Amino acid sequence: MLDRRFVADNIDLITENCRIRGASVDVTKFAELDILRRQLQLDIDRLNQEAGQVSKSIGKVPPDEREPLKAEGRRLREEASKLQSRQAEVIEESDRILRSIPNLTHPDAPHGGEADATEVRRGVSSVPDFPFTPKDHVELGETLKLFDFEAGSRVAGHGFYFLTNDGVLLELALQKYAVDLLMQEGFTVMTTPDVARDSILEGTGFMPRGPETQIYSISNSDLSLVATAEITLGGAMHEKIFNINELPLKLCGISHCFRTEAGAHGRATRGLYRVHQFTKVEMFAFTAPDQSDAMHQQLLDLECKIFDGLGIPYRVVDTATGDLGGPAYRKYDLEAWMPGRGEAGEWGEVTSTSNCTEYQARRLGIRFRKPSEKGTQFVHTLNGTAVAISRAIVAILENYQQADGSVKVPDALVSWIGKTVLTV
RNA sequence: GGACGGGUGGCAGAGCGGUUGAAUGCACCGGUCUUGAAAACCGGCAGACGUGAAAGCGUCUCGUGGGUUCAAAUCCCACCCCGUCCGCCA
């Protein structure tokens with residue numbers, strides 16, 4: 001969420017920003033409502049002031065002279081409370097608009113939609129050139145008995161799966177690999193709740209309920225299953241006021257991630273690529289405003305380091321404005337080469353890192369204080385995928401496959417898996 | 001799940017219907033003193049919103065939401081959270 005005052009004072013800027021992001025928001029309506037809100041505030045303040053003076057005078061007056069003053073006080077309070085409920089309606093309506101306004105946008109982010117992302121970097125591993133027709137991960141994994149989609153369907157429906165045998169070892173190895181690396185990089189590692197209050201989801205920029213939601217919510221409660229540990233890691237510092245010297249703070253969280261993927265049917269849904277549940281190791285950072293650009297680069301570098309270390313070819317794209325989502329100020333995606341996708345291989349998103357500036361921090365109330373200065377400022381929050389297990393498995397299987405259908409184990413994972421090749 | 005106790009400023013902790021947005025201590029900031037530091041002393045120190053060029057002024061906020069009252073941190077109700085004990089349990 002942006003600052004309401006800032007929006008009200010910069011209607012043109014906000015309107016243009018909504019345009020390049022493809023967000024249809026009635027900014028003008030917001031401005032009108034905010035003027036009304038301020039006018040009502042003025043009236044309410046005046047009435048409260050008068051009522052307060054009456055109340056104070058009552059205590060100083062003999063009891064038999066109090067009745068007329070009480071009546072006057074009652075009248076003023078009633079009038080104020082009428083205006084207050086009108087103002088509450090105005091605030092609710094304008095807040096609804098305000099919440100739907102996306103974050104500001106980094107000036108260097110490319111304009112346009114999904115296809116307009118610009119490639120900014122390549123990984124060190126080159127795209128494999130197989131002397132045979134590569135299989136996709138579903139075929140490889142079924143042969144090697146790494147997962148079981150049929151059992152997943154029976155238990156929980158389409159989009160759920162069991163990891164089995166070496167598939168389990170792959171998941172554990174990837175987690176351990178990522179966690180070890182991030183601990184060395186100064187991250188505080190944690191496993192997080194897989195559920196969170198709706199208010200925390202909303203603060204992070206997710207919409208837990210409603211027709212468009214991608215979130216599973218738990219009935220008879222205000223809890224939802226998390227779509228990413230970004231939600232819990234950000235929420236962990238709800239209402240926190242940091243001292244400046246505690247920043248930047250780098251957290252790493254492991255959680256399960258649950259996504260309904262409503263409306264995503266038929267779109268590259270085969271196998272592990274798009275599923276309703278997966279495990280993810282997530283990075284999260286809280287920084288002072290002047291640190292967030294550098295931290296964003298740092299998170300990107302770490303994502304690259306992780307995938308370079310796994311020997312997976314990838315490219316990095318700078319996401320275009322229309323594809324950023326609400327909270328992100330700027331976003332980079334790592335797209336791994338997936339030889340089994342499409343006709344002859346395609347790039348597929350494996351990680352994503354966003355600088356959300358103060359968009360999430362404002363709603364979550366996460367601030368910092370400088371000892372030498374009065375007041376507080378909102379921190380900047382950033383997130384980045386370390387490893388989304390299911391997609392990493394897709395990339396590993398398809399890039400490390402061999403002519404006989406076996407799959408080499410990336411060197412970085414051999415010690416955790418205990419073998420160098422996955423075979424039948 | 002049951003029974004108590006509690007949630008007040010950055011922290012600790014008073015206040016329990018009427019100039020209390022809130023005593024006091026610690027921390028922090030500025031100053032005096034000092035060669036410097038410490039100590040001592042003096043002063044400052046919550047946030048949001050509104051208004052104003054600014055100084056300032058006003059309103060709201062004592063876990064959250066409702067209620068009682070002319071007036072609530074203080075009384076009532078619900079919920080959330082934190083302790084302690086009991087029960088249950090991986």
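These numbers come from a predicted model, not from an experiment. Proteins come first, then strands; the chains are lettered A, B, ... in the order of their sequence lines, and each starts at number 1.
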field: Polar contact flag, side-chain donor to acceptor under 3.5 angstrom, A:Arg21-A:Thr105
entry: yes

message: Could you go through A:His137 and A:Glu398, starting from their C-alpha distance and side-chain angles, then the distance that decides it, and tell me whether this counts as side chain to side chain donor-acceptor pair (under 3.5 Å)?
response: CA-CA 6 Å; A:His137 74 279; A:Glu398 295 189 1; 3.2 Å; yes

Stretch residues 83-103 of chain A: residues that reach within less than 4.0 Å of RNA chain B through a heavy atom: none

Atom pairs under 3.5 Å, N or O on each side, protein against nucleotides 54-58 of chain B: can you list them with distances?
unit_1 : atom_1 : unit_2  : atom_2 : d
B:rG58 : N2     : A:Asp45 : OD2    : 3.1

- request: List for me each residue that meets side chain to side chain contact (heavy atoms under 4.5 Å, CB included) alongside A:Asp323, sequence neighbours excluded, and say none if there are none.
  value: A:Glu114, A:Thr319

field: A:Arg37 vs B:rC49: side-chain N/O to OP1/OP2 distance below 4.0 Å
entry: no

message: Rounded to whole Å, please give me the gap between CG in A:Leu40 and P in B:rU51.
response: 12 Å

Give every pair of a protein N or O atom and an N or O atom of nucleotides 74-82 of chain B that lie under 3.5 Å apart, one pair per line with the distance.
unit_1 : atom_1 : unit_2   : atom_2 : d
B:rC81 : OP1    : A:Arg197 : NH2    : 3.4

field: Qualifying residues under side chain to side chain contact (heavy atoms under 4.5 Å, CB included), relative to A:Ala117, sequence neighbours excluded
entry: A:Val317

Identify all side-chain donor-acceptor contacts of residues 227-239 of chain A below 3.5 Å with residues at least two apart in sequence or on another chain.
unit_1   : atom_1 : unit_2   : atom_2 : d
A:Thr228 : OG1    : A:Glu230 : N      : 2.9
A:Thr228 : OG1    : A:Lys280 : NZ     : 2.7
A:Glu230 : OE2    : A:Gln360 : NE2    : 2.8
A:Glu230 : OE2    : A:Asn383 : ND2    : 3.2
A:Thr232 : OG1    : A:Thr192 : OG1    : 2.8
A:Thr232 : OG1    : A:Ala229 : O      : 3.1
A:His238 : ND1    : A:Leu364 : O      : 3.1

message: Can you check the distance between B:rC89 and B:rG10, where both ends of the measurement are the P atom (answer in whole Å)?
response: 44 Å

message: For residues 63-110 of chain A, which residue pairs pass the ring pair (Phe, Tyr, Trp, His ring centres under 6.0 Å) check, not counting sequence neighbours?
response: A:His106-A:Tyr329

field: Derivation of the salt bridge (charged side-chain N to carboxylate O under 4.0 Å, His left out) call for A:Lys331 and A:Asp318
entry: CA-CA 6 Å; A:Lys331 178 159 86 169; A:Asp318 192 348; over 6 Å; no

task: Would you please say whether a donor-acceptor pair under 3.5 Å links the side chains of A:Asp148 and A:Thr164?
output: no

query: Separation of A:Glu239 atom CD from B:rU61 atom P, in whole Å?
result: 17 Å

- prompt: According to the ring pair (Phe, Tyr, Trp, His ring centres under 6.0 Å) rule, which pairs have a member within residues 161-181 of chain A, sequence neighbours left out?
  reply: A:Phe149-A:Tyr161

message: When the P atoms of B:rG17 and B:rG31 are compared, how many Å lie between them, rounded to an integer?
response: 44 Å

- request: Specify the separation, in whole Å, of atom CG of A:Asp9 and atom C1' of B:rU51.
  value: 14 Å

message: Do the side chains of A:Glu16 and A:Arg19 get close enough for a salt bridge, i.e. N-O under 4.0 angstrom?
response: yes

- request: Tell me, please, which residues at least two apart from A:Tyr216 pass ring pair (Phe, Tyr, Trp, His ring centres under 6.0 Å).
  value: none

Toward the 5' end of RNA chain B, by each residue's nearest nucleotide, A:Glu50 or A:Ile241: A:Ile241

- line: The complete set of ring pair (Phe, Tyr, Trp, His ring centres under 6.0 Å) pairs with one or both residues in residues 278-307 of chain A, sequence neighbours excluded, reads A:Phe242-A:Phe286, A:Phe284-A:Phe286, A:His296-A:Tyr332

N/O (side chain, A:Arg367) to phosphate O (OP1/OP2, B:rA48) under 4.0 Å: no

Show me the protein contacts with nucleotides 68-72 of chain B, counting only N or O atoms at under 3.5 Å.
unit_1 : atom_1 : unit_2  : atom_2 : d
B:rC70 : OP1    : A:Arg74 : NH1    : 2.5
B:rC70 : OP2    : A:Arg74 : NH1    : 3.4
B:rC70 : O4'    : A:Lys70 : O      : 3.2
B:rC70 : O2'    : A:Ser55 : OG     : 3.2
B:rA71 : O4'    : A:Ser55 : OG     : 3.2

query: Which stems does RNA chain B form, counting runs of 3 or more consecutive Watson-Crick or G-U wobble pairs with both distances under 3.5 Å?
result: B:1-7 with B:80-86, B:10-12 with B:24-26, B:28-32 with B:40-44, B:46-51 with B:56-61, B:63-67 with B:75-79

